[in-house]
Amino acid sequence: MQQDGASMDQNVPRPGSWVLRIAVAVIVVAVVTASVLLYPSFDRWASADRSIELARLRLGTVIRGDLLRDVSVQGRIVAADHPTVVSPAQGVISLLVKAGDQVHRDMVLARIDSPELRNTLEQERSTHQSLEAELERLQISNHQTELQNQQEIDLLEVKLRADQRAMERTKSLYEQGLGNSMDYEKSVDDLEVTRLELDHARQNAKLAKETMQFEARTKELSLDRQRLIVEDLERKVSRLAVVSPVDGLVSRVEVRDKDTVQPNQALISVVDLSKFEVEVQVPENYGGEIGIGTTAAVLYEGTEYPGDVKSLSPEVENSQFKGIVEFSENPPGSLKQNQRVNTRLILDSRPDVVKAPRGPFLESMGGRQVYVVSNGVAELRPITVGAVSVTEVEVTSGLEEGEQIVLSDMTRFDGAKRILLR
């Protein structure tokens, strides 16, 4: 009889069931861990109003330091000395230089032939000689008059002494009874008349001397005036050889060779290449903050050179006014006339302030709000700003040192409170 095989069956556990339980446990742990780790990111994503790629934004860090409030203006290099020589008289010019020539001080640039001026000089010299001769003649005549007056005085003095002796003799005879009274009285009268004539002669001589001195002084003044006229004409004739007032370069020739020129007509412009300045155009809204002596910095080939505002134009043209900046130290040696340079005018200096880089956010957010970056989220925060420079802005409240902010223009997000940075 065949036996039932059930008695031989045994319970065998399903292969791999423990592996499955371990795998499920691992999955559960992984899901829980991932949930814990990803919850902050999910929370940021869920609470963000919008999102944007981080690479499309420009960020900046809030720091503490000194802030220079300045304004950036365009400038051009100009020569500090660029005189223009003019014609001293009418005549025909002969040019000895051309534009671009190197010249030195007192070098002859041109000569002017002016026969009229030379003839006038000779006429005035002749007049000067005539006045000299007249003065000499007057001095001789005055000397003769003085001698005549002195001779008259000397004769009257002799006559006075003779009359006095005659009077004394007549008096003595009268007192002795040897003469009459009429002779004595006549001698007294003659003595008095001679004394009066001597006094008048002395007064006349004094008045004549004063008159002669006045006439001589008048002639001397006329001679001095004529001497000045001659010296002025001699100066003009010497200036017919037109010379350079500075060492430099001929920048412009206003006339052509053999042209007829008029007095005070511009002839040649010379640029002094040894000293340069910067001519800047400043927006008119800074007119109240910029004055003579304002500190400046001229940027040339990556290096800033210090300077000061030397002068300011009183006129505004095209909403700008002109200023001249001079270098306070040695300027660079390779400057060229009319070369363009960037210039900063320092309006204010504030030490130890909280500041941030300047960016489009300042204008787009009105300087009242900014997006602060933290944990991958840019959150809108109100701020107040103070001084603003070309590259930096002072933050008086709302930000702390070390925080990061968005410098880019964020107006397209319409004031979203939180933005996820992907």
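Index from 1, following the sequence.
- Inter-residue side-chain proximity for Gln139 and His143 is flagged as unmet; no heavy-atom pair is nearer than 4.5 Å.
- A donor-acceptor pair under 3.5 Å links the side-chain atoms of Arg381 to the main chain of Gly398, judged by distance alone.
- Between Asp101 atom CG and Leu95 atom CG the span is 10.5 Å, to the nearest 0.5 Å.
- Listed by first and then second residue, the side chain to side chain donor-acceptor pair (under 3.5 Å) pairs involving residues 87-97 are Ser94-Lys258 (not counting sequence neighbours).
- In this structure, Arg235 places its CZ atom where more than 12 heavy-atom neighbours from other residues, nucleotides or ligands lie under 6.0 Å away.
- Using a 4.5 Å heavy-atom threshold, the side chains of Ile153 and Leu198 count as touching.
- Between Leu156 and Ala201, the shortest heavy-atom contact is CD1-CB, 3.5 Å.
- Nearest heavy-atom pair, Ser244 versus His104, reported as atom, atom and distance to 0.1 Å: CB-O, 3.5 Å.
- Rounding to the nearest 0.5 Å places NZ of Lys159 at 15.0 Å from CG of Asp154.
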Practice item. Report the C-alpha distance between Arg125 and Glu234 in whole Å, list the side-chain angles of each, state the deciding distance to 0.1 Å, and finish with yes or no for side-chain contact (heavy atoms from CB on, under 4.5 Å). Key: CA-CA 10 Å; Arg125 280 176 174 171; Glu234 289 176 343; 3.1 Å; yes
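- Applying the 6.0 Å contact sphere to CZ of Arg111 captures no more than 12 heavy atoms from other residues, nucleotides or ligands.
- When side chains are defined from C-beta on, Asp352 counts as touching Arg64, because their heavy atoms get closer than 4.5 Å.
- Judged by distance alone, the side chain of Ser222 and the main-chain N or O of Thr218 form a donor-acceptor pair under 3.5 Å.
- Pro83 approaches Asp81 most closely through the heavy-atom pair CD-C, 3.5 Å.
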- Message: Does Val341 form a side-chain contact (heavy atoms from CB on, under 4.5 Å) with Tyr305? I'd like the steps, not just the answer.
- Response: CA-CA 11 Å; Val341 291; Tyr305 295 86; over 6 Å; no
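- Annotation: side chain of Leu117 is in contact with side chain of Leu233 (closest heavy-atom distance under 4.5 Å).
- At least one donor-acceptor pair closer than 3.5 Å links the side chain of Asp247 to the backbone N or O of Arg105.
- For Arg227, the CZ atom sits in a packed shell: over 12 heavy atoms of surrounding residues, nucleotides or ligands are nearer than 6.0 Å.
- Under a cut-off of 6.0 angstrom, the local environment of CD in Glu210 is crowded, with over 12 non-hydrogen atoms contributed by other residues, nucleotides or ligands.
- Once rounded to the nearest 0.5 Å, the distance linking CD of Glu279 with CG of Asn338 reads 8.5 Å.
- The two residues Phe276 and Phe327 come nearest to each other via the heavy atoms O-CD1, 3.6 Å.
- Salt bridge annotation for Glu277-Lys275: absent, with no cationic side-chain nitrogen under 4.0 angstrom from a carboxylate oxygen.
- When every heavy atom of Leu267 is checked against every heavy atom of Val86, the shortest pair comes out as CD1-C, 3.7 Å.
- Considering only heavy atoms from C-beta on, Leu228 comes within 4.5 Å of Glu231 through its side chain.
- Ion pairing between a basic and an acidic side chain is recognised when a charged N comes within 4.0 Å of a carboxylate O; Arg202 and Glu157 show such pairing.
- Using a cutoff of 4.0 Å between basic side-chain nitrogens and carboxylate oxygens, Arg137 and Glu134 are not scored as salt-bridged.
- The shortest non-hydrogen separation linking Val278 to Gly75 is CG1-CA, 4.0 Å.
- A donor-acceptor pair is defined here as one N or O able to donate and one able to accept, closer than 3.5 Å; such a pair exists between the side chain of Ser328 and the backbone of Pro306.
- The shortest distance between side-chain heavy atoms of Leu240 and Val237 falls below 4.5 Å.
- If you take CD1 on Ile268 and CG on Leu109, they are separated by 4.5 Å, rounding to the nearest 0.5 Å.
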task = Give the intermediate values and the outcome of side-chain contact (heavy atoms from CB on, under 4.5 Å) for residues Arg76 and Arg340.
result = CA-CA 4 Å; Arg76 67 183 183 92; Arg340 296 289 179 178; 4.0 Å; yes
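- The pair Asp232-Lys236 counts as a salt bridge, with a side-chain nitrogen and a carboxylate oxygen less than 4.0 angstrom apart.
- Within a 6.0 Å sphere centred on CZ of Arg252, heavy atoms belonging to other residues, nucleotides or ligands number 12 at most.
- We find the CG-CG distance between Leu131 and Leu138 to be 12.0 Å, quoted to the nearest 0.5 Å.
- Lys209 places none of its side-chain heavy atoms less than 4.5 Å from the side chain of Asn149.
- Between Glu317 and Lys322 there is no salt bridge, since no side-chain N of the basic residue sits under 4.0 Å from a carboxylate O of the acidic one.
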Exercise for review: I would like to know whether Asn318 and Gln281 meet side-chain contact (heavy atoms from CB on, under 4.5 Å); could you show each step before the answer?
Suggested key: CA-CA 10 Å; Asn318 297 327; Gln281 298 291 336; over 6 Å; no
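- Using modelled atom types, one side-chain atom of Gln226 and one backbone atom of Glu124 make a donor-acceptor pair closer than 3.5 Å.
- A side-chain donor-acceptor contact under 3.5 Å links Ser251 to the backbone of Ser269.
- Taking NZ of Lys355 as the reference point, atom CZ of Arg350 lies at 13.0 Å (rounded to 0.5 Å).
- Looking at Asn204, its side chain does come within 3.5 Å of a backbone N or O of His200 through a donor-acceptor pair.
- No donor-acceptor pair under 3.5 Å is formed between the side chain of Ser126 and the backbone N or O of Gln123.
- Using a 4.5 Å heavy-atom threshold, the side chains of Val280 and Val309 count as separate.
- Between the side chain of Ser408 and the backbone N or O of Leu57, no donor-acceptor pair lies under 3.5 Å.
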